[in-house]
Structure formats: C-alpha cells, structure tokens
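Here the structure is laid out as structure tokens; the discussion comes afterwards.
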Amino acid sequence: MKLLYELPDEVDCLIKQIIKTRPVLYCVPADLDYSGTYIDGWLVITSFHMVYVVNGRLIEQISISEGKDYKSSVMVGNGMLEGTINGSAKLIVRYTMEHAERYTHIAAALNQLSVAKEPAVKSLEYDNRCPECNRMYPAGTRACPACSGTLFVFKRLFSIVKPHGILLIAAIILFWAVTGIQLFIPYLYRRFIDDCLIPGRTDVLLIVVYVGGIAACNLLIMFISIIRDRFMIKAGNRISRDLRHMVYEKIQMLSLSYLDNKKTGELMNRVTGDTERIRNFIQTQSVMTINQVFSLIGISIVLFLSNWRLAILILIPAPFVLFLSTSLRHRIRRMYHQQWRSMDKTNSLLRDILSGIRVVKAFGQEQKEVNRFKTASRELTDITIRNEKAWNTIFPSLGFIMGLGNFLLLYFGSNMVLDQQMKVGELIQFTQYAGMVYGPLNWMGFIPRWLAEAFTSTERVFQIIQEKIDIKDKNDAVISKINGRISFKNVTFGYRNYEPVLKDITIDINPGEMIGLVGRSGAGKSTLINLIMRLYDVDDGNLTIDGVDIKDMSQDDLRTQIGVVLQETFLFSGTILENIKYSKPAATFDDVIRAAKIANAHNFILNFPYGYDTKVGEKGLTLSGGERQRIAIARAILHDPRILILDEATASLDTETEQQIQEALGRLIEGRTTIAIAHRLSTLKNAGRLFVIEQGGLAESGTHEELLKKKGIYYDLIMAQRQMARLR
Amino acid sequence: MEEGSIRFIDPKTAIFGRTEGGFLKLHIEPDEDYSRVSLHYIFPFTAGNGYVSVRNYDSKEIGIIRSMDCFSETAKELLREELQRRYFTPVIQRIVSIKEEFGYFYWEVITDAGSKKFTLRREHHSIISITEKRILIIDVDGNRFEISDCSKMEPKFVKVLEMLL
C-alpha cells in the first residue's frame, strides 16, 4: 500500500520551502476538511515534522515529538488522524475511507518518530487500485485488466498452453478443415441445381455424384468434428490438471503468514473454479473464436468474389443487428437480474419465517407473515410474467430482423435470375452463405466478457503460482535428531513489522521439561508456539533447538519431530485408523492399538460398531470434543515427537473426560520437551515451570508454588479463576 | 443509575462546546465535565435527528438526546456538525456518469460535499434502500453516499440503480 505519494508540483515546491533538506518519509492524501468538504489536501511527514497542506496552501505544521498517542480513528464513512499534542487531544486531519488503512500505518510511524525512532513501518498490504488508471483490480488479483491488456493474458496463458500446443494446433487445423468443407457445400448445391436440375435433362449419374458429394462432405464434417473435439477435450483437461497441480502444490508450500490472510473458500475457488474457467476459455472460447473469425473472413471473401453487390446486401444489416443484439442482451441481463433478486427475497423470507415459526406463533403474528409473503410472492409473479412476455417478444423479433438481409437478397437475387444475370444455383448458394455470416457475428458480442473473465481467473491463479515462498530451507539445512533443548534469545516477532507481538523474549527450556504458558488471551502464547514450529520466522534475536538456529534446520526434519495437540482437533474425512496413522503411515495395527490405549481412546473406539474402521469427518460419525482430542493424542503418541505442543488441550470438557485426557496426556509427555498452553490453570499443575506472558514479554517464571508465593500476575489469575469457579 | 432507566440530556443544563483540538466537550450543570464526547445515532434511519446517544471517551453512555430541537441554535449547530463528522454521508445531487467495467461500477457524482468519483462492486449488496425513494450507497472502500429521492435522478441512471438495488 502506497505511503509515499508523489506530490503535485505546486505542493512539492511549497513543501521544499518549508522543510528544506529533510527527506520526506511519508506523504498521504488528506482529502476531507474539518467541515466535511472534499479537498485536495496532503499530509507530509519528515523525521521531525508533519505538514498539512490544502489546495497548495500550508494549513498547519506540527512538531512530531511534541505529540504522542497518534491514532487513526475510523468513523462511519470517514476517518481521522488524532494525537495528543502538548498534552491535549487534537484532530490532525480527516480523510475518506479510501485512505483509512493507510493512516493506521501513518499513525504507527508517527508514534515511532515521536520517540525519536527511525520508523520501520512498511505496508505489506497491496493497494486495490491500479496506480495508472485508478481502476479497481478484480478481486484477488494485482493486475489491472485495462492497463495490462489482452496480450498480457495471452502471454500468461501461452506458458501453460505450450506443453499441449500440438494438440491445440491440431484442433485448430481440424476446425479450419471443417470450415473449409462447410464453405464448399453451398458450392456443391449451386452446381447441383445449375447442372442437374435443368428441365428436360435427366443425368442420373450426375445427380448421384452431387448428392453423394454433399452427403460425403457432411460425413467428413462429422468425423473431423469428433476427432477435433477429442483433441480439444484432451488438451483442455490436461491444461486444467496442470494448473490445479501447480496451484495446490504452491499452496502447500506457502507459509501460514500468507495463508492466514486468505479464506479457505477463496483458495478452494482458485484451485477448482479459476482453473476450470481457464480450461473453458482455452478449450472452447478461444479456439472457437479463432475459428469463427476465420469462417467470417472466409465467407466474406467467397461472397465478394462471387458477387460483390449481393455480398454488400447481406452485410448491410450486420452492424445494425450486432448493435441490437448487444443492447438487448444488456436489457435481458437486467430483467433477469431483477427476477433473480425478487426470487432471492422471497426465498429468504420463506426460510426466515419457517425457521422462526415458533416465534411467529408465540407472538401470534401468523396473519402478518402471511401478508408479507403474499406481497413478496406477488412481486415475483409480476416480474416473472413481465420478463417472460418480453422474452417471448424479443427473441422472435430478433430472429426476424436477423433474416432481413435474406429478404433483400431474395428480392434482388431473383430479379437478377429473371434478368439472367445470375443462375438459380448461385442464388441458393448465396442464401446459404448469408445464413452462415450471422453466427460468427453474434459470437463476437460475447468475446469482451470472456476475455475479462479469463483475465481475472488467470491473474488469480498466477498470483499464487508466482508467490514467493517466505520461509525457505537453506541449501545447507541441517538434518539432525532433536534432543529437545529450546532457547529463545532476545526474540522479537510481530505479524506486522511495526506491531511486535513478542518482545525481547529470552527463555531456556531443558530437554524433557514440561513448561506451562500462562497469560491472558492475545498475550502472545500461541505466537511463541508458532515460532517453535517455524510457521513464521523471528524478526529479531535467535531461536535455537539443541543449539542449532531454527533457520538452519530443515523444516521437514523439524516438524517430523514436533507433535501438536490443538484445542480444536481436526480430523480428516476417513476412518479412525487412518486418522491415527496420519502422522506415521507405516504404523502397524499393534502400534495403533498401543497408541490408542495410552491415549485412553481404545475403549470408546470399540464401542462403535465398526471399531477402528469407523468413518469420521465430514461424511462420517461426529465425535465429541473429548473423543476427538483423544484420537489426536493417539496420533501424537504414534508420531513419537521429541517436542510436544499442547494448545488448550483440555478446555471445555466434563470432569470425567478431562480426567481421562489428563491421564493420557501424562503418559504422552513423559520424556518429551512439552510446552502447554491452558486457560484452566489447574491443568498446568504438572508443569515443571510456568512462564507468564504479559503483553508480549516474559513477566514471571517459576513453579506453581513459587509463583503463588510471589503474589504477582499468576497469583491474581489463579484467584480470579477460583472466584469464577465458586460463582458457577 | 438503575438498570433499564434512561437518562435524557436536559437542554437546560447541558452545555456543549469545542475543545481547542477540535473535539466536542460537554458540561452538565452543576458539576459534570466531559473533556471529549462522541455522538451516536440510536435509530439512524427511523428517527432522523432525534435519539442521539452521548458517550464519553471510553464509549460509556452519558445520556440520550431525545430531540435536538430543544437545544439552542449554537448547540444545535455543534451537534449537527459533530454528527455529520461521525456519519459522513454526502448527498448526491446529480449523477454525472455511471460506467461498468470489469465487474465494477465507476460513478462520478456531484454531492453537497463536492464532486467525487467512487466505485461499486457489481455483485454486492452495496445499495441499501432506507425508504421507497431514499437510498444509501456504500462503495468498495466503505464511503457512504445518500440519494434522497431516486426518482429525481436521470432515467438512465435510475435503471442502473434499480438493477443494483
């Protein structure tokens, strides 16, 4: 996201006069004045000052160090930058929502500058508009469809199409063959009529030759079309397969920090929807377009060569028809959009009332709801009738208008025949060609929309394929067996570079030790764990395992030796057996049973009719939270990790289940370095040491008893929880 | 204050003013002082300019203004200004053009706050009808615009509005 705009010349001159040599660090629009009028305003920031300029005039200059607590406050439809300047709150500038996110960065930078720090604020977000033409990028892309242009799409598509080029070229050649034959058939008709259908002449052989020729041409078209379509289907599906693989493989390789910003549905859509749209574009739309363009050129050449006057007659209504069909298409789209909306409204009303029928009855509102539904339903009926009527009028009319050229052709053509300037067969040939002109013309109306769709899909897919992998293994990554000593040395980390979540953390964890992480939600406990798993890289400081920097270790190697039991245990669709074996596919039945027994899962699994072969997940049996967790523990036991991470592993369970899980966990953690996060502090009693994390820093550490004696944050948390428990 | 009871701000005892930094302050006689307050519509669509919640800096409600009419002209002006600041919704006086390109509608309009270009997504609930004629438009960035009477716009734009509604 742009934080350093280029200033208009006159503003730039003014700024140079005011701030002389200081480099401008940030410069953003402040496009709303205090009274709510759009203005050409700018906020310019150097290391010491911020300058507010409106319409080329200096409004205010503020020394940054005289202020603190700079903040971007978003209100409804606009936002403002405020700060405490010389002790009192001040509204600095106002802006429209287009710049709202920009100002969160600006406020962060001002806060750093106010304490005389070099600002490290960089925006990782992207602008959603093209800097050249200010058009919006299509959702999920970073390329402007207007500025990058059609060539850009084809260049990108070319790289995917290349390996399957032969198939596509073959398909296109076969297309041309079909077009050629199609163009030849009217000629045969003409010769047939002119040579055979002469009164008084009965040459049966000639009739057989011509009729046979026409039939043979049609047969040939059929065969070539079948082969051509097979080529196209093969090429298209291979291309979409390649794309799907490329996208999916890349998603698996990308770090969580990238994936965190994307919704699952959006990613799924890219793997399936967008690749499918690209396939359709390559396989059908673009190939057909090439073909239609060539048919049109071919037909036009033939028409003009045979009789240019008649050719003009056929083509006269073409622009008119094209214009009419395009504008009608727009109108029809609008009509059906309205109908769809009305339908949607009626359906959601129905859904709403049916699911809330108890409330309706309880408050005696039946009649009101009946009336409401009747109104919506009546509106839908009216719109539908109106649309159907229009549809039934428009289409036959369009057909008639498209045939107008034919009437002209017939009229003038028959006159020419009667004047003996033309033969009957020639006229028939012409009418057949005339019928072939409008197909391609109609087709072309759709091209812009297809191109736009293909552009967006291609962009979305390529954006993932070309994404840089931010957590990479070094070439000389160490592969080693982990012993389990974890050391944080002055580690600082933030998901955004100017908002550290963990600050200067120094911790040593011994092999085989169990550590409990305690703190309020949002304190940074889960972040600490994410770093150990190297889902993110630290910004500052060192994180070592057995003395080796985690950045020097191979990620695969590291993660195969770390086991995780999460609060929300995710089971994949499949059997219980498959889910337990997920971490170690080579495990034997004996291994699985042993792991399940240690995890206190064996008994409940056997209560299911299909035992370990019971299907779970999306289409299978729904397991309770406690059951899922015990399966996850069995999975972790089988995995036999050196480092174990338990994240809220015993939240929200009944006492008996919790006891069983505690027992299972007790067995699991034996001999492993374990780091556990739990809100319920009683579950951390077994921990060797507890680390209390407060606002991203290590606030207290020690055993349960030591911390209680200290009467600090941990003591307060324990007391607060006891009180809550008593209240319940 | 009792749960469920409403404290209405009394125009006779409440004195609104501006701080030097540009924020709204409130003094309620005899001795209640708020160095910075904000105003929130309680029923933004249904109650017009009535029912405004006055809140302190920590967003706790101090009281409710039932109707602004009972306040002095100066106070009314201050309140109106503050509400316009919080709910910045320029009223569209004329639509200059609406262009559809690549799934977005690009609008160029003249509003009571000046001329403005903004963008709407095609398949999105970006227009809310408040009454039969009055609509609220929310653009891709979250800017808001109001059209007080749709039927007064040019017919070709009314068609586009109908489709987007």
Side-chain angles (χ1 to χ4, degrees), chain A residues 31-40 67 73-80 82-101 128-130 133-139 141 144-146 330-331 333-338 341 344 448-449 451-453 455-456, chain B residues 18-25 35-36 38-41 44 57 77 80-90 99-106 109-125 136-146 159-160 162-165:
Chain A
D31 53 354
L32 210 58
D33 72 3
Y34 298 134
S35 64
T37 308
Y38 296 122
I39 46 163
D40 176 29
S73 309
V74 172
M75 292 175 295
V76 185
N78 75 118
M80 63 180 174
E82 56 174 275
T84 309
I85 312 282
N86 290 326
S88 64
K90 178 176 169 57
L91 193 173
I92 301 166
V93 291
R94 285 180 79 192
Y95 43 84
T96 62
M97 294 300 285
E98 194 180 329
H99 307 295
E101 203 169 335
N128 51 7
R129 285 179 170 78
C130 169
C133 65
N134 215 29
R135 279 190 185 84
M136 294 291 294
Y137 293 144
T141 78
C144 172
H330 279 300
R331 168 127 191 246
R333 212 185 86 201
R334 214 157 45 213
M335 273 165 33
Y336 279 91
H337 180 82
Q338 252 179 351
R341 221 184 51 215
D344 190 50
R449 207 170 105 205
L451 268 179
E453 278 174 9
F455 178 91
T456 312
Chain B
R18 276 242 176 271
T19 67
E20 219 172 281
F23 296 108
L24 192 68
K25 62 179 179 183
S35 61
R36 186 171 166 185
S38 60
L39 305 179
H40 292 226
Y41 279 124
Y57 188 56
E77 188 51 39
R80 215 173 287 136
E81 223 176 77
E82 189 62 24
L83 282 166
Q84 270 168 10
R85 188 175 284 179
R86 183 174 161 75
Y87 299 88
F88 182 62
T89 315
K99 245 194 308 183
E100 192 195 350
E101 267 184 333
F102 305 105
Y104 289 93
F105 285 94
Y106 294 89
V109 295
I110 293 170
T111 72
D112 55 354
S115 57
K116 176 80 180 158
K117 288 177 181 170
F118 64 89
T119 312
L120 296 188
R121 211 163 267 138
R122 188 170 61 198
E123 282 112 15
H124 220 261
H125 301 282
L136 188 71
I137 302 171
I138 298 149
D139 81 352
V140 284
D141 297 305
N143 291 308
R144 293 148 55 103
F145 303 91
E146 190 188 309
K159 271 187 197 158
V160 180
E162 273 172 4
M163 199 181 97
L164 285 169
L165 258 172

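Basis for what follows: all heavy atoms, side chains included, without hydrogens, waters or symmetry-related copies. Chain naming here is simple, since letters A, B, ... match the order of the sequence lines and numbering starts at 1 in each. No experiment lies behind these values; they were computed from the predicted model shown.
Residues A:Val76 and B:His40 have side chains not in contact (no heavy-atom distance under 4.5 Å, counting atoms from C-beta outward). Using a 4.5 Å heavy-atom cutoff, the side chains of A:Thr96 and B:Phe118 are not in contact. A 4.5 Å side-chain heavy-atom check between A:Asn86 and B:Glu20 finds every atom pair outside the cut-off.
The shortest heavy-atom contact between B:Ala113 and A:Gly36 is CB-O, 3.4 Å.
B:Val140 touches chain A through its side chain: at least one heavy atom from C-beta onward sits under 4.5 Å away, while N, CA, C and O do not. Contact of B:Ser115 with chain A is made through the backbone alone, with heavy-atom distances under 4.5 Å. A:Arg135 touches chain B through backbone and side chain together, each having a heavy atom under 4.5 Å away. Contacts of B:Arg85 with chain A are made by both backbone and side-chain atoms, with heavy-atom separations under 4.5 Å. With a 4.5 Å cut-off on non-hydrogen atoms, A:Ile39 does not touch chain B at all. Contacts between B:Lys117 and chain A at a heavy-atom distance below 4.5 Å are absent for every atom of the residue. Of the two parts of B:Phe145, only the side chain, counted from C-beta on, holds a non-hydrogen atom closer than 4.5 Å to a non-hydrogen atom of chain A.
Of the listed residues (A:His99, A:Met80, A:Glu82, A:Met335), the one with the most heavy-atom contacts under 4.5 Å to chain B is A:Glu82. Contact count versus chain A (heavy atoms, under 4.5 Å) is highest, among B:Gly22, B:Ser35, B:Ser38, B:Gly142, for B:Gly142. Your options are B:Lys116, B:Arg144, B:Arg36, and the one with the most heavy-atom pairs under 4.5 Å with chain A is B:Lys116. Counting heavy-atom pairs closer than 4.5 Å to chain B, the top-ranked of the candidates A:Asp31, A:Ile85, A:Leu32 is A:Leu32. Between chain B and the residues A:Asp33, A:Thr37, A:Asn134, the largest count of heavy-atom pairs under 4.5 Å involves A:Thr37. When each of A:Gln338, A:Arg341, A:Lys90, A:Met136 is checked for heavy-atom pairs under 4.5 Å with chain B, A:Met136 comes out on top.
Every residue meeting the ring pair (Phe, Tyr, Trp, His ring centres under 6.0 Å) condition with B:Tyr87, not counting sequence neighbours, appears here in chain and number order: B:Tyr41. Taking B:Tyr106 as the reference, nothing meets the ring pair (Phe, Tyr, Trp, His ring centres under 6.0 Å) condition, with sequence neighbours excluded.
B:Asp141 contributes atom CG, which lies 13.0 Å from atom CG of A:Asn78 (distance to the nearest 0.5 angstrom). To the nearest 0.5 Å, atom OG1 of residue B:Thr119 and atom CD of residue A:Glu98 are 8.0 Å apart. Rounded to the nearest 0.5 angstrom, B:Leu24 CG and A:Leu91 CG are separated by 12.0 Å. Taking CZ from B:Phe88 and CE from A:Met75, the interatomic distance works out to 10.0 Å, rounded to the nearest 0.5 Å.
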